[in-house]
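Reading through the structure tokens given below for one structure.
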There are 2 protein chains.
Amino acid sequence: MAKPNTPITEHLAYLLAQANREINRQLELRLSKEGVPVEQWRILKVLSDGDGHSMGELADAVLLNHPTLTKMIDRMVSDTLVYRVQDPNDRRKVLMFISDRGKVLCKKLNSLAVDQEEHILESYGDKSTSELKRLLESLIDSSN
Amino acid sequence: MAKPNTPITEHLAYLLAQANREINRQLELRLSKEGVPVEQWRILKVLSDGDGHSMGELADAVLLNHPTLTKMIDRMVSDTLVYRVQDPNDRRKVLMFISDRGKVLCKKLNSLAVDQEEHILESYGDKSTSELKRLLESLIDSSN
DNA sequence: TTGAAAATATTGAATATTCAAGAATTGAAG
DNA sequence: CTTCAATTCTTGAATATTCAATATTTTCAA
């Protein structure tokens, strides 16, 4: 008897990796118009509520581990997109804030990202998109 | 008027990245029992049809770019999990084959991966899982 | 048939990420 | 209080990835 054994393309882990890679590639392409990597857009977006966010909080939110985030923030500080402030209530922490320049950039990036979402809506459909989002959220929930 | 502006957690690109990260982390954890990174499992799995696959073909299938794949294959050749053969029909190409040792390892890895899929089925549900897979496949299709 | 362009894989240098260790601060138990 | 463990962030070394350039082979048009 031949052994079929699930092909890799049927594994959820693989499908997620493939879809993520493709969508991310498209987004990267748009954001590259402003010369900004996807992770930096995420950082700006999280900080654009104007509140201070600690490095740990940020790392979780933008899906980077701590040392990688530290080094990326170093670059963004050099570019004056964000700045550090020591947390007065807990001096182990560093609070990150977005600068005015960061806000301006973030707006441009947002519209590039919205372009992409619209493009997806068109080719993939309104209904599929919201259903996919719902299922992804619930998968993430069930994994915690 | 306050500016709501979609939070990052509602973007499809972000949800995909988050879900992928989480599922991948879990799979990584299982496969680490055999000390093998997820990409190597994918490579072994693709090669386990016994046919020869060129580097380009492989790179596409396992979602790695060429130079990264070349270097990973170097390691796997050292570990005698796979081997290179020059393609007799097109000598620009290198055909990759899985070794007997690779096959044995691949089987162990498969069952670790199946464990994970079962775990997902339990916590996330049969129906959600297959629906999610369907939607991901169709998203990937619509992106080409 | 020849020569230029395309396809395939690898290499080396530049860059980025990760792991493990360190420094500073806080919390909390004795 | 004091001391020891836990938390938070950063650093430096080790590792991995990527970009650009190279070598080889094939394709195909002139």
May I ask you to decide whether A:Lys45 forms a salt bridge with B:Glu10, counting only side-chain N to carboxylate O separations under 4.0 Å? no

Is the distance from OP1 or OP2 of C:dT10 to the nearest side-chain N or O of B:Arg84 less than 4.0 Å? yes

Is any NZ, NE, NH1 or NH2 atom of the basic residue among B:Glu131 and B:Arg134 found under 4.0 Å from an Asp or Glu carboxylate oxygen of the other? yes

Using whole Å, report how far CG of A:Asp90 lies from P of C:dA24. 16 Å

Test: B:Glu22 and B:Arg25 ion pair at under 4.0 Å: yes

Quickly work out the B:Met55 CE to C:dA7 P distance and round it to whole Å. 19 Å

List in numerical order all residues of residues 56-71 of chain A for which some heavy atom is under 4.0 Å away from an atom belonging to DNA chain D. A:Gly56, A:His66, A:Pro67, A:Thr70, A:Lys71

Less than 4.0 angstrom from a charged side-chain N to a carboxylate O is my criterion; do B:Lys33 and B:Asp115 meet it? no

Position toward the 5' end of DNA chain C (nearest nucleotide), A:Arg75 or A:Asn89: A:Arg75

So, are A:Asp100 and A:Lys103 salt-bridged, with charged N and O less than 4.0 Å apart? yes

Using a 4.5 Å cut-off between side-chain heavy atoms of Ile, Leu, Val, Met, Phe, Trp and Tyr, which other residues end up in the same hydrophobic cluster as A:Leu12? A:Leu15, A:Leu16, A:Ile23, A:Ile120, A:Tyr124, A:Leu132, A:Leu135, A:Leu136, A:Leu139, A:Ile140, B:Leu12, B:Leu15, B:Leu16, B:Ile23, B:Ile120, B:Tyr124, B:Leu132, B:Leu135, B:Leu136, B:Leu139, B:Ile140

Whole angstroms only, please: what is the CG-P distance between B:Asp74 and C:dG12? 11 Å

Hey, is the main chain of A:Leu64 close enough, under 3.5 Å, to the side chain of A:Thr68 for a donor-acceptor pair? no

If you walk 5' to 3' along DNA chain D, what is the first nucleotide with an atom under 4.0 Å of a heavy atom in chain B, and what is the last? D:dT17 to D:dT26

May I ask you to decide whether B:Glu117 forms a salt bridge with B:Lys133, counting only side-chain N to carboxylate O separations under 4.0 Å? yes

Can you tell me if the side-chain N/O atoms of A:Arg91 get under 4.0 Å from OP1 or OP2 in C:dT25? yes

